Amino acid sequence: MLGGGLAGLATASCLAEAGFEVDIYEAKAFLGGRATSWPMAGVPGEQDSDEAELVDNCQHVLLRCCVNLIDFYRRLGVSDKIVYHKQFSFIEPGGRISSMRRGIFPAPAHFAESFLGLKFVNFREKLAIGRAMNSIPSEWRKRKDLDRITMLDWLREERQPEAAIQRFWYPVLVSAVNEELDQMAASHGLQVFWLGMLARSDSYEMGLPAVPLRELYDAGALGDRVRIHYRTPVTAIQIGDGGIVSVECGERVHADYFVSCLPFERVEKLLPALPVEWGAFAHSPITGIHLWFDRPVTNLPHAALLDRTIQWMFNKRGGRYIQLVVSASRTLSEMPRQAVIDLALRELAEFLPATQLAKLERAHVVKEIRATFSAKPGLEALRPVSTTSFPNFFLAGDWTRTGWPATMEGAVRSGYLAAEAVARAARVPRSFLIPDIA
Ligand SMILES: Cc1cc2nc3c(=O)[nH]c(=O)nc-3n(C[C@H](O)[C@H](O)[C@H](O)COP(=O)(O)OP(=O)(O)OC[C@H]3O[C@@H](n4cnc5c(N)ncnc54)[C@H](O)[C@@H]3O)c2cc1C
């Protein structure tokens, strides 16, 4: 197997359960791919220390509707390290806070009370949002053109006022799909609202790892049948008459089956012969801004920040370590690091006035230019399935045809699907994928 990100680990876990011997060749010295952490020295803490601390490349969030990811965490034995939050907060510039949480009504009306109480949209805007929400169950997976139009097209069709788009739909969707509303396929927008918000009354609950991401991936939890070869990048793939013969990774490795769990740009380089429309795939960036203050600046665990460049805030350590996330962050890509920090501090002061009295002890900016693929209209049908034109070569990775945007859930689903495809090819069919909640 090529790659030890979530797709690779999910594939390996299933194949080992089915009795296969698995070797993972991973370029880096650790697991987790894009959902991982890095050691950082001199991070200010409760007792300041020069010891390196694991810091996530960026906050990773899941919802309870991510059923395969949750199953994967169960396989790794780390379900208890995910903490679920039942309340979402939205902060306006100036500091006014609104919250959404489940109320007394059954799904899909479970947000009714808290939705009516939101202060950042007026009654007319709420009526319009309610009307659009009402259209979602009858359109998602039923209306044929949702993959061809953008989410913004759909919102305009639904006659959504500008404030409702910018303050309600935008903060939820741009972070969930990592793309602008005028560039994301409406199918993914409706999917997020249906599966994540409406279909079940607990599906919106937000799971946040209580430990650094890297600590979730203990190679030992994959069992004795899985061997991980760290710092072993695959540099070439040899093709023969009957399929793939071997891969080059320092030595030539032969196997019965090969599964690529690499991002699309790597697969294109290694195996351009695969019949994939590579030109259809493009990246969308995410910027994470990590700020360590000398004192707590908020009690909220997290919040969407409205009307500004920074979009979400996560409180990582008693309010002293704040992680800010900007999805589809193209406007920050070229901006110098210090300018990003200055912008973030300026904007954060509008939401959390306590930051004005606090001293910034350290700041760190992570610009992930290749964070995810851009889930634009027309792409879904071009995403390759797990089987390929080579009978012993399979594809996994968040960019393959999972039906989900680029997410940890999408990566795990791709791994489960690839494991099913390998098991079918080996004539020991198994079923691993858990269907969507609705
Ligand atoms: C900043 C950021 C924030 C995100 N936030 C969220 C979030 O909140 N929620 C969410 O669900 N998703 C989020 N995502 C998306 C999520 O991280 C990805 O969709 C998912 O981790 C992709 O997993 P993967 O296994 O498909 O690919 P990857 O994680 O990219 O794994 C590929 C692996 O292959 C290895 N590799 C590459 N080339 C080679 C080679 N030649 N040989 C061997 N190994 C190689 C890489 O080192 C890597 O380990 C975020 C992503 C980023 C970047």
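Both ligands and their constituent atoms are indexed starting at 1 by order of listing. The residues of the chain are indexed from 1 along the displayed sequence. Only a predicted model underlies this, so the values are computations on that prediction, with no experimental measurement involved.
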Using a 3.5 Å cut-off and no angle test, enumerate the donor-acceptor pairs between side-chain atoms of residues 235-250 and protein atoms at least two apart in sequence or in another chain.
{"from": "T235", "atom 1": "OG1", "to": "E248", "atom 2": "O", "distance (Å)": "3.3"}
{"from": "Q238", "atom 1": "OE1", "to": "S246", "atom 2": "OG", "distance (Å)": "2.7"}
{"from": "E248", "atom 1": "OE1", "to": "R252", "atom 2": "NE", "distance (Å)": "3.0"}

Go through the structure and list residues passing salt bridge (charged side-chain N to carboxylate O under 4.0 Å, His left out) with E26, not counting sequence neighbours.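 Applying salt bridge (charged side-chain N to carboxylate O under 4.0 Å, His left out) to E26 gives none.
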
Qualifying residues under salt bridge (charged side-chain N to carboxylate O under 4.0 Å, His left out), relative to R96, sequence neighbours excluded: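 Listed in chain order: E92.
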
Check the orientation of [X] and [Y]. Use parallel for under 30°, tilted for 30 to 60°, and perpendicular for over 60°.
X	Y	value
H302	W312	tilted
F120	F90	tilted
F111	Y204	perpendicular

Contacts table for ligand 1: protein N or O within a distance under 3.5 Å of ligand N or O, distances only.
{"from": "ligand 1", "atom 1": "8 (O)", "to": "V61", "atom 2": "N", "distance (Å)": "2.8"}
{"from": "ligand 1", "atom 1": "9 (N)", "to": "V61", "atom 2": "O", "distance (Å)": "2.9"}
{"from": "ligand 1", "atom 1": "11 (O)", "to": "M408", "atom 2": "N", "distance (Å)": "2.8"}
{"from": "ligand 1", "atom 1": "12 (N)", "to": "M408", "atom 2": "N", "distance (Å)": "3.4"}
{"from": "ligand 1", "atom 1": "14 (N)", "to": "H60", "atom 2": "NE2", "distance (Å)": "3.3"}
{"from": "ligand 1", "atom 1": "17 (O)", "to": "H60", "atom 2": "NE2", "distance (Å)": "2.8"}
{"from": "ligand 1", "atom 1": "19 (O)", "to": "D398", "atom 2": "OD2", "distance (Å)": "2.7"}
{"from": "ligand 1", "atom 1": "19 (O)", "to": "T407", "atom 2": "N", "distance (Å)": "3.4"}
{"from": "ligand 1", "atom 1": "19 (O)", "to": "T407", "atom 2": "O", "distance (Å)": "3.3"}
{"from": "ligand 1", "atom 1": "25 (O)", "to": "L6", "atom 2": "N", "distance (Å)": "3.2"}
{"from": "ligand 1", "atom 1": "25 (O)", "to": "A7", "atom 2": "N", "distance (Å)": "2.9"}
{"from": "ligand 1", "atom 1": "26 (O)", "to": "D398", "atom 2": "N", "distance (Å)": "2.9"}
{"from": "ligand 1", "atom 1": "27 (O)", "to": "R34", "atom 2": "NH2", "distance (Å)": "3.0"}
{"from": "ligand 1", "atom 1": "29 (O)", "to": "R34", "atom 2": "N", "distance (Å)": "2.8"}
{"from": "ligand 1", "atom 1": "30 (O)", "to": "R34", "atom 2": "NE", "distance (Å)": "2.8"}
{"from": "ligand 1", "atom 1": "30 (O)", "to": "R34", "atom 2": "NH2", "distance (Å)": "3.2"}
{"from": "ligand 1", "atom 1": "38 (N)", "to": "R266", "atom 2": "NH1", "distance (Å)": "3.1"}
{"from": "ligand 1", "atom 1": "41 (N)", "to": "V234", "atom 2": "O", "distance (Å)": "3.0"}
{"from": "ligand 1", "atom 1": "42 (N)", "to": "V234", "atom 2": "N", "distance (Å)": "2.9"}
{"from": "ligand 1", "atom 1": "44 (N)", "to": "A27", "atom 2": "N", "distance (Å)": "3.1"}
{"from": "ligand 1", "atom 1": "47 (O)", "to": "E26", "atom 2": "OE2", "distance (Å)": "2.6"}
{"from": "ligand 1", "atom 1": "49 (O)", "to": "E26", "atom 2": "OE1", "distance (Å)": "2.6"}
{"from": "ligand 1", "atom 1": "49 (O)", "to": "E26", "atom 2": "OE2", "distance (Å)": "3.2"}

